[in-house]
*Asks:* 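First, the structure itself, so that you have it in front of you.
Chain letters run A, B, ... following the sequence lines, proteins first, then strands; residues in each count from 1.
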Amino acid sequence: MKSSPHGGEPFFFPGGRVGCLLIHGFTASPQEMRLLGEHLAGQGHAVLGIRLFAHATHLEDMVRARWRDWLASAEDGFHLLRDVSQRIVAMGLSQGGALALILAARFPVLGVVAMATPFDLPPDPRLRLLRPILRPLSLALKSIAKGPPTWVDPQAAVGRVAYTAYPVRAVPEVEGLLAAMRQILPEVRVPALLMHSRGDTLVPPGDMERIHDRLGTAEKTMQWVEHSSHGITLDADRETVFAAAADFVRRVAGGRS
Amino acid sequence: MNILLPGGEPFLFPGSQVGCLLVHGLTGTPQEMRWMGEYLAVHGYTALGVRLFGHATRPEDLNRARWRDWLASVEDGYHLLRGACSHIVLMGLSLGGALSMVFATQFPVAGVVAMSTPIETPDPRARLLRPIFPLLYLVWRYIPKEKTSGGQDAQATEEHLQYPVYPTRGIAELHDLLAELRRALIKLHVPVLLIHDRGDDSVPASHAQVLYDRLGTSDKEILWLENGGHNIPRGIEREKAFEAAAAFVSRVTGSPA
């Protein structure tokens, strides 16, 4: 993997009639979706990778973010892409997957790909204790440092553009977003591809099954990868992920693009 | 659960390698710039109308916005447009014009069209109150809007999508952004076209003259309208403005209109 000269900026690759909307995860940036985007563009598709509000700027910006802002960013991306591509597949990593699933329930898309997507906040014991008081707590404790990286492929860390800490005030917002996602899952009636790594130590692999069970569509599949950490669009199984996503687009576009 | 106001979505009209990045005004939406975008697209250019953070959703959201969020929204649009275009001209209305000029001192652009753009907060009370703003904000969240007169296309006015009030924090942020604009003007060295209505009762015509005088570039021009109103891209004289903007793009990018 070449080291990226890019920062955290959003990207647009013009292409054919199917448009792929790519949504990154919590505290990350469009950078983590760029390789996937390049792969899909190589298949001839139009690709738009959005930047979620308050991401890829300054960690302090996150204290002002509400999950509705992230949904608005996703809606922005949908409308921009729809102007150039009549048919859209929404794809997201982690919290981005939750946003893609919400879009899929509310907007006309061909299908949705949700990667390493949480069903609820991670079962971290500290979180279980502090969950009810995160908002007032955030006045005193602004952020919590992330643990050491868990990449299986060390190349995955090259060019990484992401905050190095979790903003505490934003955690209840993630919680709110996931609650909204759980509520609309039965209303997703387009084909859905879920992907998750058995080696994901941040979001339990069981979350993919819980999402799968609640999805309204009958056309839903789960794809496991074996060797990656949580960031499956960058880690060891990325090529498998790219191929599966491209395959899904081909399938839902009816074999033509 | 849709977050964006219907009609207030961002837009992307595909065209040539020459792109126009369109930026709306305070409390407005991309709809303000849509007719201009359509005109430019008909003339062969790519046109992208951004949605500034906190806009086209609900007024409370705007009270959480800081002007750097608006600059980030412009920057997002710029990076997306760069995916399809090698030359970019920024065009903005009022606050959008100010953001465009500030942005043009930070990123390579071919030129700027700034319409109805203030050089300082038009309302003198806002300037006076800015120092005690944090106190004021505790009791005063929204300022009611007054009806503007003149230059209005009646139907365009009726259908103009905007917040019914000025969120107070938004005014404070405009104030601070304009201070940044005043610092940036001398550093702006790309061609600039200012468009202003002599009868603008929101931002007096004198602002355009001061902007002109302080701009660093020698390639600058003011197009005066007589009955364009403040909202020039939806006013009675919009065709004149659109023509001038298209001619400007053609000249500064060396592309036929």
*Asks:* Tell me whether A:Arg66 is salt-bridged to B:Asp61, with the criterion being a basic N under 4.0 Å from an acidic carboxylate O.
*Replies:* no

*Asks:* Select one option (side chain, backbone, both, neither) describing which atoms of A:Phe107 are under 4.5 Å from chain B's heavy atoms.
*Replies:* side chain

*Asks:* Answer with side chain, backbone, both or neither: which region of B:Leu81 has an atom nearer than 4.5 Å to a non-hydrogen atom of chain A?
*Replies:* neither

*Asks:* Sequence neighbours left out, what pairs pass side-chain hydrogen bond (donor to acceptor under 3.5 Å, both in side chains) with at least one residue falling in residues 166-178 of chain A?
*Replies:* A:Arg131-A:Glu175, A:Arg169-A:Glu173

*Asks:* Using a cut-off of under 4.5 Å for heavy-atom pairs, which of A:Asp69, A:Leu103, A:Val47 has the most such pairs with chain B?
*Replies:* A:Asp69

*Asks:* Can you find a pair of side-chain heavy atoms, one from A:Glu9 and one from B:Asp76, that are under 4.5 Å apart?
*Replies:* no

*Asks:* Please state whether the side chain, the backbone, both or neither of B:Ala56 comes within less than 4.5 Å of a heavy atom of chain A.
*Replies:* neither

*Asks:* How long is the gap from CD on B:Glu9 to CZ on A:Phe78, to the nearest 0.5 Å?
*Replies:* 10.0 Å

*Asks:* Does atom CD of A:Glu219 have more than 12 heavy-atom neighbours from other groups under 6.0 Å away?
*Replies:* no

*Asks:* With only heavy atoms counted, which part of A:Phe53 is less than 4.5 Å from chain B, the side chain, the backbone, both or neither?
*Replies:* side chain

*Asks:* Start with the C-alpha gap between B:Phe13 and A:Asp83, add the side-chain angles, then the distance that decides, and say whether side chain to side chain contact (heavy atoms under 4.5 Å, CB included) holds.
*Replies:* CA-CA 6 Å; B:Phe13 304 140; A:Asp83 278 347; 4.2 Å; yes

*Asks:* Counting C-beta onward and ignoring hydrogens, is there a side-chain heavy-atom pair between B:Arg68 and A:Asp61 closer than 4.5 Å?
*Replies:* yes

*Asks:* Where do A:Ala72 and B:Leu4 come nearest, in terms of heavy atoms and distance?
*Replies:* CB-CD2, 4.0 Å

*Asks:* So for A:Leu81, is it side chain, backbone, both, or neither that comes closer than 4.5 Å to the heavy atoms of chain B?
*Replies:* neither

*Asks:* Is B:Phe53 close to chain A through its backbone or its side chain, or both, or neither, when contacts mean heavy atoms under 4.5 Å?
*Replies:* side chain

*Asks:* Let me confirm one number: the CD1-NE2 distance from A:Ile50 to B:His79, rounded to the nearest 0.5 Å.
*Replies:* 15.0 Å

*Asks:* Test of understanding: with salt bridge (Lys or Arg N to Asp or Glu O under 4.0 Å), list the residues that count as partners of B:Arg183, not counting sequence neighbours.
*Replies:* B:Glu180

*Asks:* Is A:Ala74 in contact with chain B via its backbone, its side chain, both, or neither, using a 4.5 Å heavy-atom distance?
*Replies:* neither

*Asks:* Hey, does the side chain of A:Glu75 reach the backbone of B:Ile3 with a donor-acceptor pair shorter than 3.5 angstrom?
*Replies:* yes

*Asks:* Using a 4.5 angstrom heavy-atom cutoff, name the option from B:Ala65, B:Pro10, B:Pro14 with the most pairs to chain A.
*Replies:* B:Pro10

